[in-house]
Each structure stands twice: as structure tokens, then as C-alpha cells.
Amino acid sequence: MPRATGATILHADLDAFYASVEQLLDPTLLGKPIAVGGGAGGSGNGSGNGGVVLAASYEAKAFGVRSGMPGWRARSLCPSLTFVGGHFREYQRLGDAVMDVFGQFTPEVERVSIDEAFLDVAGSVHLFGEPAHIAAELRRRVRDELGLPLSVGVATTKHLAKVASQVAKPDGIVVVAPGTEREFLAPLPVGLLWGVGRKTQERLAASGVHTVGELAATSPAVLQSLLGEAVGEKLGALAVNDDPRHIETDRHARSVGAQSALGQRAATDDVLRTTLGFLADRVATRLRAAGQAGRTVTVRVRFPGMRAVTRSSTSPDPVASTLTLTDVAFDLARAAFVDNPAEREVTLLAISVSNLVDHDAHQLALDLDAEEQHADATSVNRVALDHAVDAARSRFGRASLGYATTVLRAEGGVPDEFRELAERGDPRSPD
DNA sequence: TCTGGGGTCCTAGGACCC
DNA sequence: TCTGGGGTCCTAGGACCC
């Protein structure tokens with residue numbers, strides 16, 4: 001494979017992003033161990049009782065506090081820990097602003113998450129100088145203009161740049177010069193490699209492999225028998241820095257999902273239907289806003305004790321209707337309990353829609369009209385209802401109306417008030 | 001007094017097709 | 001006549017990432 005030379009790939013990663021934003025919004029939190037809390041059961045800004053740590057400041061990390069950790073455990077590790085609720089709108093706004101800064105140096109930006117991105121600056125050096133200089137400029141501008149600490153890794157490939165940015169943290173920069181990759185990687189723990197989590201680390205450690213250097217010295221055949229074909233092959237390549245460097249500027253999602261932790265609840269039809277209706281609403285609304293629909297619906301059910309199962313179904317007809325998605329999800333969830341008769345309680349429900357196709361509601365309605373001589377009245381009504389709800393929410397706000405439980409239960413069709421909305425609403429609404 | 005919410009990718013078995 | 005080889009799709013579970 002032909003490969004550009006030179007360390008022109010940057011991985012830019014905001015440090016402890018959520019926590020840094022909180023310290024920016026409230027400077028009295030600067031220098032203190034803080035945790036951004038996630039509430040259990042959907043309250044969204046819990047203070048740690050029952051919730052988990054979404055992000056920890058470096059001061060909190062020094063005590064061993066990590067994201068994903070239950071709040072009570074974080075507090076026991078760090079009694080002086082301050083829990084703050086998340087300002088999620090601010091995270092999105094500031095994350096976007098950081099990406100805008102990146103975009104001023106190159107159009108070759110691949111955003112990986114809210115707070116990190118890969119950049120290829122090969123075409124920018126004649127304007128802005130060497131990659132290492134660009135990296136320093138990124139850090140300076142994000143700090144000066146947005147008040148946030150940023151770490152940057154510079155290398156010949158994406159993966160290596162990412163490792164370098166991890167090594168650079170907090171608030172640093174690491175450049176891996178071409179030709180020095182292997183000596184840079186060799187002493188690092190394998191856990192720094194992307195894709196090596198707890199399980200893989202344990203498996204490797206059991207074979208005496210702790211560092212990337214030791215990994216590189218392990219034969220591909222051994223790695224593959226240890227970790228499976230794909231992971232083994234990937235890690236073997238990584239350890240010797242044989243890795244892609246292509247930047248994907250327009251990544252599109254392959255699935256859309258939502259989930260809700262419920263504490264511990266009796267798994268009654270009522271609980272399942274109400275929760276799945278809420279989740280289906282969120283997922284289907286996002287699908288329609290993106291002009292997409294999905295052929296595969298997956299439901300995840302978690303039982304007490306963290307054991308979870310999934311059930312999925314694939315249909316030739318893509319779904320984007322809230323009520324159809326609710327129905328499919330409900331049947332799948334029930335199937336999960338039928339297959340696990342000993343389980344009577346549920347702690348989490350999730351819906352994910354995949355196998356996505358471009359397919360807006362208007363198109364779906366036309367298809368129904370064209371393809372079905374006596375079009376299924378329920379389907380048409382559901383499309384109309386979704387349209388009405390989407391339109392009303394865009395005017396009056398998301399909380400203005402929803403799919404009430406009574407609607408979910410109304411098997412005969414759509415309540416009058418929604419029909420009226422549909423008739424007078426969006427001119428594209430089907431009739 | 002034990003676990004959020006959003007995703008991606010891989011594996012393995014089975015069905016089905018040529 | 002009793003079982004080759006390759007490919008695709010679907011389902012369920014699992015590891016991993018931020």
C-alpha cells in the first residue's frame with residue numbers, strides 16, 4: 001500500500017473534558033477534585049447516590065476516581081470529592097467550537113467523539129508550518145479562546161498519534177518522529193493501545209505480554225489464537241506500526257439507540273411498554289430528523305446482577321415510526337423474558353436501530369400509498385402522527401407533547417386531537 | 001449498600017444460495 | 001447419492017471506546 005511519509009497525523013484530545021468545562025463555568029472548582037455525576041433512573045444530574053461518574057478532574061483522578069465508577073465508590077476513594085451535575089448543552093457547544101478551531105487548520109478533520117479528533121495536516125504545512133508547530137498552535141488557541149486544556153499527539157499513523165496524545169496527557173504534546181515509532185512504543189503498556197481493554201490485557205498478561213515491545217515480539221499466530229483473528233491481526237500490525245492513516249471526514253452513524261437504567265423493577269407489561277415507548281420516541285425522532293429508518297431493531301434487557309441479553313429482528317421494511325418501533329421493541333423484550341423465565345425483574349432497557357437506510361417519513365408514506373392497494377390504515381396514521389408530533393415539537397418545544405401511555409394503548413388508532421394536528425400541520429403530511 | 005448512555009466492531013452458528 | 005467450497009444474511013453475545 002502506498003503511504004505518505006512524515007508525521008502529519010494529529011490526534012487532539014481535550015483533557016477530562018466534562019470536568020474541565022465545569023471548572024471553566026465555575027472557577028471555584030479549579031484545582032479541586034470534582035466528578036460530573038450521572039443520575040440513575042434518568043434524572044440526569046444526580047449527585048452520586050446511585051449514579052456513576054461520567055468524568056473526573058485530574059485532581060480526582062489522582063485519588064483513583066475514574067469515569068464509569070459508581071458514585072459511592074468514588075466518594076469512598078476521595079472523601080473531598082465534589083459532585084456536580086452535567087451541563088450537557090455546554091459540552092456540545094464547546095466541543096463544536098473546538099472542532100471549528102481544528103477546521104481552520106485543515107479540512108481533513110475526523111471527529112471521533114465530542115472531545116477528540118484526528119487531523120491530517122499534510123496539506124497545511126505550507127500555510128501553517130510543521131505539524132509540531134500546528135499542534136502547538138491548536139493547543140494555544142483552544143486554551144486562549146475557549147479556556148480548555150488540550151493534548152495532542154503527532155505521528156505517522158492515526159493509532160500512533162492517539163497513543164502519543166494519551167502519553168502527552170495532561171495538557172501536553174508528544175511528537176513521534178518517523179523512524180522512532182518502535183522505540184517509542186516498546187516500553188509502553190499494551191493497555192495504551194486502542195482496542196486493548198481489561199479482558200485483552202488479562203489474556204496477554206497470562207502469556208507474559210505486558211508491553212507493546214513484548215507484543216511485537218509475539219508471533220502473529222500466537223496472538224490470533226489468543227485473541228481471535230481480527231484482534232490478533234490488528235494488534236500484531238499495530239505493535240510494528242503498520243497501521244492506516246486515512247482520515248474519514250464524513251463518518252455516518254451505523255445505528256441509533258437509547259437506553260434507560262431503571263433501578264430494579266418488576267418486569268410488568270406496563271413497565272416494559274412505558275419505558276420502551278419513551279425510548280422508541282427518542283430513537284425514532286432522531287431517525288426521522290436525520291431522514292433515516294432502520295431494518296433491524298435490537299432490544300437489550302438487563303436483569304438484576306448485570307446479566308443482559310439481546311433480542312433482535314430484521315424486517316424488509318425500514319422502521320422510523322415511533323409506535324411501530326414501540327410495538328416491535330415490546331415484542332422483543334417479552335421474548336427475552338419468555339426465554340428467561342427465572343427473571344422477573346429488569347434493571348435496564350435499551351433499543352437500538354441498525355441497518356440504516358435513507359428514508360424520510362414522506363417517502364415512507366408515498367411507498368405505503370403506492371405499494372399497498374388498500375394501504376394499512378394503521379401505518380398511514382402512524383406516519384401522520386409522527387409528522388404531527390415532530391412538527392408541533394419543532395414549534396412549541398420537545399416537551400410540548402408526546403406519545404402518552406393512553407395513545408400507546410389505543411389499539412384502534414390515533415386520537416382525534418392528533419389527527420387534527422396532522423390535518424392542519426405540515427403540508428407534506430399524508431392524508 | 002454494585003454500575004450511565006451513546007456508540008463500534010468481531011465471532012460463531014445456522015439458514016440459505018449457487 | 002450422504003456431502004465440497006464459497007458467499008451472504010441474520011441472531012446473540014461479548015469486548016471495547018468515549
Side-chain angles (χ1 to χ4, degrees), chain A residues 11 13-19 35-46 48-56 66-76 85-86 88 91-92 95 111-117 159 162 165-166 169 190-204 224 227-235 248 251-264 278-279 282-283 286 295-316 332 335-336 339-340 347-356:
Chain A
H11 182 255
D13 198 350
L14 289 153
D15 299 329
F17 179 49
Y18 292 179
V36 179
S43 75
N45 55 356
N49 279 343
V52 299
V53 174
L54 296 181
R66 296 287 181 270
S67 58
M69 186 177 274
W72 63 266
R73 177 134 186 263
R75 215 182 273 287
S76 77
F88 294 93
Y91 305 159
Q92 192 65 52
R111 188 174 189 171
V112 189
S113 70
I114 191 169
D115 62 348
E116 66 178 295
H159 194 120
K162 182 161 169 76
S165 75
Q166 301 311 112
K169 281 178 178 297
V190 288
L192 277 183
L193 297 180
W194 198 90
V196 178
R198 189 172 54 87
K199 299 278 185 181
T200 301
Q201 237 170 303
E202 283 171 7
R203 262 177 248 175
L204 288 171
Q224 289 187 21
L227 307 172
E229 191 179 343
V231 174
E233 197 172 319
K234 205 174 125 188
L235 285 195
E248 280 180 72
R251 306 215 309 181
H252 53 283
R254 302 180 66 88
S255 67
V256 174
Q259 66 180 52
S260 224
L262 303 172
Q264 192 160 329
F278 166 73
L279 294 172
R282 284 165 48 173
V283 171
R286 286 167 57 203
R295 291 202 305 114
T296 301
V297 177
T298 303
V299 165
R300 179 178 169 85
V301 177
R302 197 180 70 194
F303 307 116
M306 297 301 283
R307 190 175 76 91
V309 299
T310 60
R311 289 293 177 274
S312 69
S313 67
T314 299
S315 142
L332 289 168
D339 295 341
N340 293 274
T347 65
L348 177 143
L349 288 169
I351 296 177
S352 175
V353 175
S354 55
N355 263 321
L356 301 182

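Labels below follow one simple rule: chain letters A, B, ... track the order of the sequence lines, proteins then strands, and each chain is numbered from 1. Since the structure is predicted, the reported quantities are computational estimates derived from the model, not experimental observations.
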Practice problem: May I have the distance from A:Glu202 (atom CD) to C:dA15 (atom P), rounded to whole angstrom? | Solution: 10 Å
Practice problem: Output all residues satisfying side-chain contact (heavy atoms from CB on, under 4.5 Å) with A:Ser354, sequence neighbours left out; order by chain, then residue number. | Solution: A:Ser255, A:Thr296
Quiz item: What is the distance from CZ of A:Arg307 to C1' of B:dT3, rounded to the nearest Å?
Solution: 17 Å
Self-check item: Length of the CZ-C1' vector between A:Phe278 and B:dG5, whole Å
Solution: 11 Å
Quiz prompt | side chain to side chain donor-acceptor pair (under 3.5 Å) against A:Glu233, all qualifying residues, sequence neighbours excluded | solution = none
Quiz item: Taking the side chain as C-beta and beyond, is there a heavy-atom pair between A:Val301 and A:Leu348 under 4.5 Å?
Solution: no
Practice problem: Select base, sugar-phosphate, or nothing to describe what A:Arg302 touches, counting heavy atoms under 4.0 Å on all strands. | Solution: sugar-phosphate
Quiz item: Considering only heavy atoms from C-beta outward, does the side chain of A:Val36 approach that of A:Tyr91 to under 4.5 Å?
Solution: yes
Quiz item: Who passes salt bridge (charged side-chain N to carboxylate O under 4.0 Å, His left out) against A:Arg73, sequence neighbours left out?
Solution: none
Mind listing the N/O atom pairs, protein and nucleotides 12-14 of chain B, below 3.5 Å?
none

Exercise. Report which part of the nucleic acid A:Gly305 touches: base, sugar-phosphate, or nothing (heavy-atom distance under 4.0 Å, all strands).
Key: nothing
Exercise. Please identify each residue that fulfils salt bridge (charged side-chain N to carboxylate O under 4.0 Å, His left out) with A:Arg302, with sequence neighbours left out.
Key: none
Practice problem: Could you check whether A:Arg73 gets within reach of a base, just the sugar-phosphate, or nothing at all, counting any heavy atom under 4.0 Å? | Solution: nothing
Quiz item: Counting any heavy atom closer than 4.0 Å, what does A:Arg251 reach on the DNA or RNA strands: base, sugar-phosphate only, or nothing?
Solution: nothing
For residues 190-200 of chain A, dump all side-chain donor-acceptor pairs below 3.5 Å to protein atoms at least two apart in sequence or in another chain.
unit_1	atom_1	unit_2	atom_2	d
A:Arg198	NH1	A:Glu202	OE2	3.4

Practice problem: Quick one: label A:Arg295 by what it contacts on the DNA or RNA (base, sugar-phosphate, nothing), any heavy atom closer than 4.0 Å. | Solution: sugar-phosphate
Self-check item: Integer-rounded Å distance: C:dC16 P and A:Trp194 CH2
Solution: 11 Å
Exercise. Mark yes when over 12 heavy atoms from residues, nucleotides or ligands other than A:Arg307 sit less than 6.0 Å from its CZ; otherwise mark no.
Key: yes
Quiz item: Quick one: is A:Ser113 getting a side-chain N or O under 4.0 Å of the B:dG6 phosphate, OP1 or OP2?
Solution: no
Exercise. For A:Phe17 and B:dG6, give me the distance from atom CZ to atom C1', rounded to whole Å.
Key: 15 Å
Quiz item: So, is A:Thr200 near the phosphate of C:dC16, with a side-chain N or O under 4.0 Å from OP1 or OP2?
Solution: yes
Practice problem: Only counting residues at least two apart or in another chain, list the ones meeting side-chain contact (heavy atoms from CB on, under 4.5 Å) with A:Thr310. | Solution: A:Thr298, A:Arg300
Self-check item: Those residues that, when tested against A:Phe303, pass ring pair (Phe, Tyr, Trp, His ring centres under 6.0 Å) (two or more places apart)
Solution: A:Phe337
Practice problem: Assign A:Ala350 to base, sugar-phosphate, or nothing according to its heavy-atom contacts below 4.0 angstrom with the strands shown. | Solution: nothing
Practice problem: Select base, sugar-phosphate, or nothing to describe what A:Val196 touches, counting heavy atoms under 4.0 Å on all strands. | Solution: sugar-phosphate
Quiz item: Looking at the side chain of A:Lys162, which of C:dC18, B:dT3, B:dG4 is the nearest nucleotide?
Solution: C:dC18
Exercise. Ignoring the backbone of A:Arg203, work out which of B:dG5, B:dT1, C:dA15 is nearest its side chain.
Key: C:dA15
Quiz item: Closest nucleotide of DNA chain B for A:Val256 versus for A:Tyr18: which of these residues is on the 5' side?
Solution: A:Tyr18
Quiz item: What integer number of Å spans the C1' atoms of B:dC17 and C:dG4?
Solution: 15 Å
Nucleotide N/O to protein N/O under 3.5 Å, stretch nucleotides 9-11 of chain B:
unit_1	atom_1	unit_2	atom_2	d
B:dC9	OP2	A:Arg254	NE	3.3
B:dT11	OP1	A:Glu229	N	3.1
B:dT11	OP1	A:Ala230	N	2.7

Quiz item: Between atom CG in A:Leu192 and atom P in C:dC18, what is the gap in whole Å?
Solution: 11 Å
Self-check item: CG-OG distance between A:Leu14 and A:Ser113, expressed to the nearest 0.5 angstrom
Solution: 8.5 Å
Exercise. For A:His11, check ring pair (Phe, Tyr, Trp, His ring centres under 6.0 Å) against everything at least two apart and list the hits.
Key: A:Phe118
Quiz item: Can you check the A:Asp115 CG to C:dC18 P distance for me, whole Å?
Solution: 9 Å
Quiz item: NA contact type, A:Ala258, heavy-atom cut-off 4.0 Å: base, sugar-phosphate, or nothing?
Solution: sugar-phosphate
Quiz prompt | Contacts of type salt bridge (charged side-chain N to carboxylate O under 4.0 Å, His left out), residue A:Lys162, not counting sequence neighbours | solution = A:Glu116
Quiz item: Nearest-Å distance, CZ (A:Arg66) to P (C:dC18)?
Solution: 14 Å
Quiz item: Going by the angle between their ring planes, with limits at 30° and 60°, are A:Phe88 and A:Tyr18 parallel, tilted or perpendicular?
Solution: perpendicular
Practice problem: May I ask you to say what A:Thr298 touches in the nucleic acid, namely base, sugar-phosphate or nothing, with a heavy-atom cut-off under 4.0 Å? | Solution: nothing
Practice problem: Assign A:Leu193 to base, sugar-phosphate, or nothing according to its heavy-atom contacts below 4.0 angstrom with the strands shown. | Solution: sugar-phosphate
Quiz item: Could you write out DNA chain B as a dot-bracket string, with dots for unpaired bases, | for bases paired across to another strand, and Watson-Crick or G-U pairs counted at under 3.5 Å?
Solution: ....||||||||||||||
Practice problem: Could you check whether A:Lys234 gets within reach of a base, just the sugar-phosphate, or nothing at all, counting any heavy atom under 4.0 Å? | Solution: nothing
